[in-house]
Amino acid sequence: MGNCLSSTQSDSEEEESPPPATSPPPLTAPDPTPTSSRQPTRGRSLRYYTGKSRSSDVFAMKPLDALRSYATVHHPPHSLPASTLLMSTPHTLAIFDAYPKAKYHFLVLPRYPFPPRSNPESRSSIVKLDHLDSLRTLLLKTSADVREQVIGALADTAQEVEEMIRDEMIKTEGFEWGINIGFHAIPSMKHVHLHVISEDRMSDKLKTKKHYNSFRPDLGFFISLIDVQHWIEDGDDQSIRQHIESLDSAEALLDTPLMCFKCDEPEHNMPSLKKHLEKEYEKEKKTALKRIAERGRQRSSDEDMF
DNA sequence: GTTCTAGAAC
DNA sequence: GTTCTAGAAC
């Protein structure tokens, strides 16, 4: 499975070299994890190319297996195109969602082996591959220590991705808006993955009620990372099992009638919902830019006072 | 996960 | 008549 990925790798590729001194710094603040192999991304948009998807045309594979293929490559920056890979760490990958449901939409997944063989501290994976199938298997089949390590690694990378998105929002739009981080209750692709998605939900790829409802942060199908962290922090195996079992009934939530998750206004169909979301976004942008302008003035007068 | 398309909704 | 959705096929 992973072979088809490495076989596409060019023989002429060299080991990663640091960017030249004249090269601009990475997109975000200094990398907190020195082993991170995040690529220099300055000048590279976090937005998506218009047109066809990137990952599926590069690798001939079944879409449902794509994440696992990515998760098992030995050297992500060499094996995955920059249009697929946002960043990698020894424990995780962050990739562009091939069918983004918002202006910014990334997936964070644990690599396998976890930690990778290249880590001298640990020569073999502390978690079995099939225990990384889904959030369910991760929480139910691994020890408290292992699930905390995997969720913790996902959370660290998600936070980094969130910061990269925020930087890009400021750079391109002049303001920041909401970002949601969470799992789907019933995922359709194998290999546990965390969604990091901006709250605008403005995308050509957002087409159906199920698409929309699956990312509603208030519905119950989208399970926030914070909730899962609480489950594993204060829960014993029994209570975690109950949380996981409650996910089984989440499928019906996808049929919930369309309504704006920001203002609760019902919408008749997807085209009207999408227009409404655009209005919400424009309204938020206007308010935010106005507040930033005011705060700027206010802040300088505050500084005079103190 | 997506694409395609029949038939429901308007 | 056109727009839109939902389910089959992949």
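Every chain is numbered from 1, with letters handed out A, B, ... down the list of sequences. All figures in this text were calculated on a predicted structure; none of them were measured in a lab.
- In this structure A/K283 satisfies the salt bridge (charged side-chain N to carboxylate O under 4.0 Å, His left out) test together with A/E280, sequence neighbours excluded.
- Residue pairs meeting the ring-ring contact (aromatic ring centres under 6.0 Å, His included) criterion with at least one partner in residues 238-266 of chain A, sequence neighbours excluded, are A/W231-A/H243.
- Identified under the side chain to side chain donor-acceptor pair (under 3.5 Å) test for residues 252-264 of chain A, with sequence neighbours left out: A/E199-A/K262, A/K262-A/E284.
- Taking A/T142 as the reference, nothing meets the side chain to side chain donor-acceptor pair (under 3.5 Å) condition, with sequence neighbours excluded.
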Summary of protein contacts for nucleotides 1-10 of chain B, nucleotide by nucleotide, where a base hit scores B, a sugar-phosphate-only hit scores S (4.0 Å, heavy atoms): BSS------S
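- Applying the salt bridge (charged side-chain N to carboxylate O under 4.0 Å, His left out) test to A/E176 and every residue at least two apart in sequence or in another chain returns A/R166.
- Through direct or relayed side-chain contacts under 4.5 Å between Ile, Leu, Val, Met, Phe, Trp and Tyr, A/F215 connects to A/I197, A/F222.
- Scanning residues 243-258 of chain A for heavy-atom distances under 4.0 Å to DNA chain C yields an empty list.
- The stretch residues 127-164 of chain A participates, sequence neighbours left out, in no ring-ring contact (aromatic ring centres under 6.0 Å, His included) pair at all.
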